Chemist: 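Pasting a structure below so you can have a look.
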Amino acid sequence: MDSLLAELIAVQRLGILMGDSDGGHLAREFLVRRAGASDRLADIDGGHPGEAAATLMDAIHFAQELLTYDFLNEGTLGPLPADAPCWSGNERGYARQEHRAWITEHEI
């Protein structure tokens, strides 16, 4: 859980830095890490069904934002591109692929 908290803090920091005038280059990293952290949160049993559903919807939404960004900017790091048919209805799978590729590239 400590590593997830550290990742959520890093995502928050990236969101702030990305909003700076010269922080646009951080957009994809922010989207990848936010989608990855949200995906991990969605897999944690929070106990309350309403909260679990909201967390799952956030994970799907953030994964879709990453997928759309990569589709428009051809920014895929993983082996399957954003326009691969297997990602239709499997946004979280795409986010997992990209987060795994990002981690491998950055060795965190």
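Along the sequence shown, residues carry numbers from 1. None of these values were measured; they are calculated from a predicted model. The figures that follow rest on heavy atoms only: side chains count, while hydrogens, waters and symmetry mates do not.
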Chemist: Determine the minimum heavy-atom distance between Y94 and L80, stating which atoms define it.
Modeler: CE1-O, 4.0 Å
Chemist: Minimum heavy-atom separation for L4 and A37, please, with both atom names.
Modeler: CD1-O, 3.9 Å
Chemist: Look up atom CD1 in I16 and atom CG in L26, then write down how far apart they are to the nearest 0.5 Å.
Modeler: 12.0 Å
Chemist: Looking only at heavy atoms, what is the nearest atom pair of R92 and A42, with distance?
Modeler: NH2-CB, 3.7 Å
Chemist: If only side-chain N and O atoms count, and only distance matters, is there a donor-acceptor pair under 3.5 Å linking T55 with E51?
Modeler: no
Chemist: Just verifying a value: how many Å separate I60 CD1 and D39 CG, rounded to the nearest 0.5 Å?
Modeler: 9.5 Å
Chemist: Nearest 0.5 Å, what's the CG-CD distance between D70 and Q97?
Modeler: 9.5 Å
Chemist: What's the shortest heavy-atom distance between A63 and A95, and which atoms?
Modeler: CB-CB, 3.7 Å
Chemist: Might you point out which heavy atoms bring D83 and F71 nearest each other, and give the distance in Å?
Modeler: CB-CE1, 3.5 Å
Chemist: What's the verdict on side chain to side chain contact (heavy atoms under 4.5 Å, CB included) for L14 and R34, showing C-alpha distance, side-chain angles and the deciding distance?
Modeler: CA-CA 9 Å; L14 278 169; R34 181 179 66 171; over 6 Å; no
Chemist: Going through the distances and angles, do H99 and E7 end up as a side chain to side chain contact (heavy atoms under 4.5 Å, CB included)?
Modeler: CA-CA 12 Å; H99 191 250; E7 184 64 7; 4.0 Å; yes
Chemist: Report the distance from atom OG1 of T76 to atom CH2 of W87, rounding to the nearest 0.5 Å.
Modeler: 9.0 Å
Chemist: Do H61 side-chain atoms and M57 backbone N/O form a donor-acceptor pair below 3.5 Å?
Modeler: no
Chemist: So which atom in V32 and which in E98 form the shortest heavy-atom distance, rounded to 0.1 Å?
Modeler: CG1-O, 3.8 Å
Chemist: Atom CG in L8, atom CZ in R13: separation rounded to 0.5 Å?
Modeler: 15.0 Å
Chemist: Nearest 0.5 Å, please: how far is CG in D43 from OG in S38?
Modeler: 11.0 Å
Chemist: Check whether F62 and V11 end up in the same hydrophobic cluster, where Ile, Leu, Val, Met, Phe, Trp and Tyr are linked by side-chain heavy atoms less than 4.5 Å apart.
Modeler: no
Chemist: Is a donor on one side and an acceptor on the other found under 3.5 Å between the side chain of R33 and the backbone of A10?
Modeler: no
